[in-house]
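Here the structure comes first, spelled out in structure tokens, and everything after it is commentary.
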Amino acid sequence: MSTYPRAALLLSAAHARQFPVDLGAEVAFAGRSNAGKSTAINVLVGRRGLARTAKLPGRTRLLNFFELAPLRRIVDLPGYGYAAAGEAERASWGPMIEALATRESLHGLFLLVDSRRGLLDGDQELLAWAAAAQMPVHVLLSKSDKLKRAELRQALTEAARALAGRATLQPFSAMDGTGVVEAQRQLGSWLGK
Ligand code: GDP
């Protein structure tokens, strides 16, 4: 399975005008804070520590673009669910995410959902955004290693019900490797390689 050992942070955008040129292919990652998004990005890309640079204080409300290969990018959306965002950040967020929806290079969205918590409000908002943009969504039900087999089955059933056909879904654990290959295949398919 292809990983991207040369992946690097391309830029952190506070405004849509700072986005990279809309060429090539791009995949977004979103989820509640602490859902395991940074860990998933690192594992899927195959570069330990990659997404950590984007979590430094002051950068957490930015859209971080990583270049995996020429004209192949991922976009790391700020984690949501904590009321930590200030007024200015909230004001810039709306226009930025609206601009993101119009990008032709954006081919899909990974949504990280903690398997112990299930889909919550912020996730639903993001799903609505993706639906309006006709953006395919693939949910990674994260930290599946924390659940017993029957609990995981139950979590998958409930998530599938909550998604109601709006996204594809798989269990995922960066810890024990569950679903990593499957998720890498989805990433590669959206990126076109
Ligand atoms: P983010 O805020 O969504 O980027 O979440 P992080 O990737 O920083 O992960 C949040 C916490 O969950 C960290 O303590 C991680 O070590 C832990 N974590 C992430 N992925 C997994 C996983 O697959 N299994 C377990 N057990 N813990 C995980």
Side-chain angles (χ1 to χ4, degrees), residues 1 3-4 7-14 26-66 68 73-86 89-90 93 96-97 100 108-127 129-130 137-156 158-159 162-163 167-187:
M1 197 49 54
T3 52
Y4 306 89
L9 182 65
L10 180 64
L11 60 87
S12 299
E26 217 161 69
V27 171
F29 283 77
R32 288 175 65 84
S33 299
N34 208 45
K37 177 164 59 73
S38 308
T39 309
I41 289 174
N42 291 339
V43 166
L44 295 178
V45 169
R47 261 216 64 187
R48 199 189 290 236
L50 178 69
R52 194 172 52 91
T53 44
K55 290 190 98 175
L56 298 175
R59 295 190 110 149
T60 51
R61 300 301 302 171
L62 304 173
L63 255 62
N64 293 297
F65 288 83
F66 297 92
L68 305 194
R73 295 175 299 274
I74 58 179
V75 195
D76 185 9
L77 275 61
Y80 44 83
Y82 289 131
E89 288 167 339
R90 271 201 299 270
W93 169 246
M96 214 158 43
I97 189 119
L100 191 67
L109 168 73
F110 279 101
L111 179 57
L112 272 288
V113 174
D114 190 320
S115 55
R116 297 163 303 174
R117 309 199 66 186
L119 279 118
L120 299 169
D121 283 359
D123 305 317
Q124 296 289 359
E125 278 171 39
L126 210 73
L127 285 164
W129 168 81
V137 180
H138 188 68
V139 171
L140 301 181
L141 212 53
S142 65
K143 309 187 193 181
S144 65
D145 58 278
K146 295 229 184 198
L147 296 184
K148 299 201 178 76
R149 195 183 294 239
E151 292 170 333
L152 180 59
R153 238 190 340 260
Q154 175 77 10
L156 282 163
E158 280 170 20
L163 287 169
T168 48
L169 170 70
Q170 64 158 100
F172 184 84
S173 167
M175 186 80 92
D176 68 11
T178 299
V180 169
V181 169
E182 190 182 349
Q184 282 176 328
R185 204 174 288 132
Q186 179 65 76
L187 176 64

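Computation of the quantities below employed the complete heavy-atom set of this structure, encompassing side-chain atoms and omitting hydrogens, waters and symmetry-equivalent molecules. Starting from 1, each residue takes its place in the sequence as its number. In each ligand, atom 1 is the first atom listed, and ligand 1 is the first ligand listed.
- Put simply, OG on Ser144 and CG on Leu152 are 5.5 Å apart, with the number rounded to the nearest 0.5 Å.
- Using a non-hydrogen distance threshold of 4.0 Å, Ser142 does not register as a contact of ligand 1.
- Note: Phe66 CZ to Leu10 CG = 10.0 Å, rounded to the nearest 0.5 Å.
- Around CG of Asp176, the count of heavy atoms belonging to other residues, nucleotides or ligands within 6.0 Å exceeds 12.
- Atoms of ligand 1 lying under 4.0 Å from at least one heavy atom of Arg32, given by number and element, are 3 (O).
- Taking distance alone, with nitrogen or oxygen atoms compared against 3.5 Å, Ala40 stays at or beyond that limit from ligand 1.
- Residue Lys37 approaches ligand 1 through these ligand atoms, each under 4.0 Å from one of its heavy atoms: 1 (P), 3 (O), 4 (O), 5 (O), 7 (O).
- Considering only heavy atoms from C-beta on, Leu126 comes within 4.5 Å of Tyr80 through its side chain.
- The proximity of Lys146 to ligand 1, defined as any non-hydrogen pair under 4.0 Å, is limited to the side chain.
- Taking 4.0 Å as the cut-off between side-chain N and carboxylate O, Arg32 and Asp114 do not count as a salt-bridged pair.
- Phe110 and His138 have perpendicular rings, their planes meeting at more than 60° on a 0 to 90° scale where under 30° would count as parallel.
- Heavy atoms of Asp145 come nearer than 4.0 angstrom to ligand 1 in at least one pair.
- Of the listed residues (Asn42, Thr39, Val43, Asn34), the one carrying the non-hydrogen atom nearest atom 7 (O) of ligand 1 is Thr39.
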